[in-house]
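Below you'll find the structure, written out as structure tokens, and then a few comments.
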Amino acid sequence: MTIKRALISVSNKEGLLHFTEKLTQHGVEIISTGGTKKALQDAGIPVIGISEVTGFPEIMDGRVKTLHPKIHGGLLAVRDNETHQTAMQENEISPIDLVVVNLYPFKETIAKEGTTFADAIENIDIGGPSMLRSAAKNHAYVTVVVDPADYETVAGELDGAGAVSEETRRRLAAKTFRHTAAYDALIAEYLTAAVEEEHPESYTVTYEKKQDLRYGENPHQKAAFYSTPLKNTLSLTDAEQLHGKELSYNNINDADAALSIVKEFVDPAVVAVKHMNPCGVGTGSTILEAYTRAFEADPVSIFGGIIAANTEIDEETAQKLSEIFLEIIIAPSFTQKALEILTKKKNIRLLKLDFSAGKGIAKKITTVSGGMLVQEEDVFGLDDANVTIPTKRQPTEQEWKDLKLAWKVVKHVKSNAIVLAKDEMTVGVGAGQMNRVGAAKIAIEQAGERAQGSALGSDAFFPMDDTVEAAARAGVTAIIQPGGSIKDEDSIKKADEHGITMVFTGVRHFKH
């Protein structure tokens, strides 16, 4: 389709002048509005105002200017339909062959701190999406552009063939409907939150592609990484990669799991993750102490793992980190010396992420065949719990420290989950087992002699007393679990029998 007439109205002026110069070289007549019209006029590019086409002034502070039959008739007319052609002639409507529009900056507006509801509403574009949808629907005859990245393609086809191909028009139409759908999805999300509708009759969200991935969980699976347009939580999508290869699908999943755990801590903490489960967690007065404990928790599984630290990586810690193979290190920052040490390793990914950003509660979306599940992120902590101690013995000060660490970590371990903690580090992790005593046996076996005097955390209650019995045999002295089983009394009696203190939180932390 040749282009004789174009309507251009953009908030993003990137590449605009070069593109419109190309259009005028091909004899294209340009219609424009507002700031776009002024920019073109200032650059000496011939332009016709929208009011000259409609014969009607822009009114209501520009809210109504393109919503007119002479615009939408020119966009929607089927060119080889005699009835449409007659209607155009009778109403003096000229066809519009190209639409270049991007929309009011709604996303940018609501992202600003202090934006009022009225400001947000004022930045909902009406005429823009209407023109885009009209042009995209009629892409058999009309070329539609929403992204400056496509200017070169359109200009190139005009230069080469003097027209835009059907394939390109169809591809641009699909992109346009994605664009308007994403725009409307963001508005819907904002207004739904404003009226505090938790579970609406339809759930509309939008994501923006951050990068293509080489493959998914396995090399035969295609994959890409998408980001939400607006975030109020700590997110890997905001990380700056300082060094190393591109992230893989599995890297991203594991790194996200590591971030979820490490953000539980205020004091220096290091989390090592393999296959989305923690293999070692350590805390300390320094990041070196924390890393040393995370490493000693499981020096075998940490090999090839993901490390997340909540404090700057210094030279000493970097030296220790460089001694083993790691896929990723995530931290708020790295000293220059630390970077010099770690960047000597060609393939390690170093990610810098501002841990002070994003304190909100995210919605977790899990897809299932033909549908999805939506829930709030599990941010329930021990400080929120109604803690009771049903056993005869109360925890000591050291046991409380170990219990709190076990409870923070077990929340992020795949169910059924058991974590043993001792002296500011995990010493055993049992993950993803079909029964709880099985998870306990794995954690106890991993801990070995370190289970003696440790604290045990369970993500859910004990259906019977066998887990307590296994813990007692291993030398565990303190247990933290939700409680609530009809056989709680059996577990309490078993704990008292062995002198174990047990804490009930009243809250489970299943993770599937």
Side-chain angles (χ1 to χ4, degrees), residues 1-77 88 91-109 122-136 138 141-159 162-164 172 176 179-180 183:
M1 294 298 298
T2 58
I3 296 176
K4 297 179 180 178
R5 206 164 186 237
L7 193 160
I8 302 176
S9 179
V10 294
S11 55
N12 180 1
K13 305 296 192 294
E14 177 190 347
L16 174 66
L17 297 182
H18 178 71
F19 181 56
T20 50
E21 284 171 359
K22 278 281 188 183
L23 294 177
T24 56
Q25 288 171 13
H26 285 277
V28 177
E29 181 181 73
I30 297 174
I31 306 165
S32 192
T33 68
T36 305
K37 178 187 172 187
K38 184 177 186 306
L40 295 177
Q41 286 175 329
D42 290 347
I45 295 171
V47 59
I48 300 170
I50 200 78
S51 296
E52 296 176 58
V53 175
T54 63
F56 203 89
E58 297 184 22
I59 61 173
M60 301 176 184
D61 300 318
R63 281 191 170 202
V64 178
K65 50 180 179 268
T66 60
L67 296 170
H68 193 280
K70 288 200 173 181
I71 299 299
H72 286 273
L75 293 174
L76 286 167
M88 291 177 73
N91 293 283
E92 298 181 342
I93 296 173
S94 298
I96 298 172
D97 310 304
L98 170 66
V99 170
V100 182
V101 169
N102 46 59
L103 308 175
Y104 289 175
F106 182 80
K107 180 180 78 171
E108 293 77 9
T109 299
E122 195 58 33
N123 277 277
I124 296 175
D125 202 327
I126 300 300
S130 298
M131 287 190 292
L132 289 176
R133 287 171 58 82
S134 294
N138 206 27
Y141 309 97
V142 182
T143 301
V144 57
V145 178
V146 293
D147 185 352
D150 294 312
Y151 291 168
E152 187 176 345
T153 297
V154 173
E157 292 197 10
L158 289 177
D159 286 342
V164 180
L172 293 175
T176 296
H179 183 72
T180 57
Y183 190 79

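We're numbering straight along the sequence, starting at 1. What you see below is based on every heavy atom in this structure, not just the backbone, and it leaves out hydrogens, waters and symmetry mates.
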Side-chain atoms of residues 93-102: list all donor-acceptor pairs with protein atoms under 3.5 Å, sequence neighbours left out, distances to 0.1 Å.
{"unit_1": "Asp97", "atom_1": "OD1", "unit_2": "Arg79", "atom_2": "NH1", "d": "2.9"}
{"unit_1": "Asp97", "atom_1": "OD2", "unit_2": "Lys4", "atom_2": "N", "d": "2.9"}
{"unit_1": "Asp97", "atom_1": "OD2", "unit_2": "Arg5", "atom_2": "N", "d": "3.1"}
{"unit_1": "Asn102", "atom_1": "OD1", "unit_2": "Ser11", "atom_2": "N", "d": "2.7"}
{"unit_1": "Asn102", "atom_1": "OD1", "unit_2": "Ser11", "atom_2": "OG", "d": "3.0"}
{"unit_1": "Asn102", "atom_1": "OD1", "unit_2": "Asn12", "atom_2": "N", "d": "3.1"}

Under 3.5 Å, which donor-acceptor pairs do the side chains of residues 40-54 form with other protein atoms, sequence neighbours left out?
{"unit_1": "Asp42", "atom_1": "OD2", "unit_2": "Lys38", "atom_2": "NZ", "d": "2.9"}
{"unit_1": "Ser51", "atom_1": "OG", "unit_2": "Phe56", "atom_2": "O", "d": "3.2"}
{"unit_1": "Glu52", "atom_1": "OE2", "unit_2": "Gly49", "atom_2": "N", "d": "3.1"}
{"unit_1": "Thr54", "atom_1": "OG1", "unit_2": "Ile50", "atom_2": "O", "d": "3.3"}
{"unit_1": "Thr54", "atom_1": "OG1", "unit_2": "Phe56", "atom_2": "N", "d": "3.1"}
{"unit_1": "Thr54", "atom_1": "OG1", "unit_2": "Phe56", "atom_2": "O", "d": "3.0"}

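Rounded to the nearest 0.5 Å, atoms CG (Asp147) and CD (Glu14) are 8.0 Å apart. Here the straight-line distance linking atom OG1 of Thr36 with atom CD1 of Ile31 works out to 13.0 Å at 0.5 Å rounding. Here the straight-line distance linking atom CG of Leu67 with atom CE of Met131 works out to 8.0 Å at 0.5 Å rounding.
Residues satisfying the side-chain hydrogen bond (donor to acceptor under 3.5 Å, both in side chains) test with His72, not counting sequence neighbours, are Ser134. By the ring-ring contact (aromatic ring centres under 6.0 Å, His included) test, Phe106 pairs with Tyr190, sequence neighbours left out. The salt bridge (Lys or Arg N to Asp or Glu O under 4.0 Å) check on Asp125 picks up nothing, with sequence neighbours excluded. A search for salt bridge (Lys or Arg N to Asp or Glu O under 4.0 Å) contacts involving Lys37 returns nothing, not counting sequence neighbours. Under the side-chain hydrogen bond (donor to acceptor under 3.5 Å, both in side chains) criterion, Tyr141 pairs with Asp80, sequence neighbours left out. A search for salt bridge (Lys or Arg N to Asp or Glu O under 4.0 Å) contacts involving Glu152 returns nothing, not counting sequence neighbours. In this view, Thr20 satisfies the side-chain hydrogen bond (donor to acceptor under 3.5 Å, both in side chains) rule with no residue, not counting sequence neighbours. In terms of the salt bridge (Lys or Arg N to Asp or Glu O under 4.0 Å) criterion, Glu157 has no residue partners (sequence neighbours excluded). For Pro69, the side-chain contact (heavy atoms from CB on, under 4.5 Å) test picks out no residue, with sequence neighbours left out.
Contact of the Leu158 side chain with the Lys22 side chain is not registered, since no non-hydrogen atoms from C-beta on lie closer than 4.5 Å. At a threshold of 4.5 Å between non-hydrogen side-chain atoms, the residues His26 and Ile3 do not count as touching. Using a 4.5 Å heavy-atom threshold, the side chains of Leu16 and Pro148 count as separate. Contact annotation: the side chain of Thr109 never approaches that of Glu122 to less than 4.5 Å [non-hydrogen atoms, C-beta and beyond].
Between the side chain of Tyr183 and the backbone N or O of Tyr104, at least one donor-acceptor pair lies under 3.5 Å. The main-chain N or O of Ala77 is found under 3.5 Å from a side-chain atom of Asn138 such that the two form a donor-acceptor pair.
Counting all heavy atoms, side chain and backbone alike, Val144 lies closest to Ala136 at CG1-CA, 4.1 Å. Ser32 approaches Ile8 most closely through the heavy-atom pair OG-O, 2.7 Å.
Residue pairs meeting the ring-ring contact (aromatic ring centres under 6.0 Å, His included) criterion with at least one member in residues 2-24, sequence neighbours excluded: Phe19-Tyr151.
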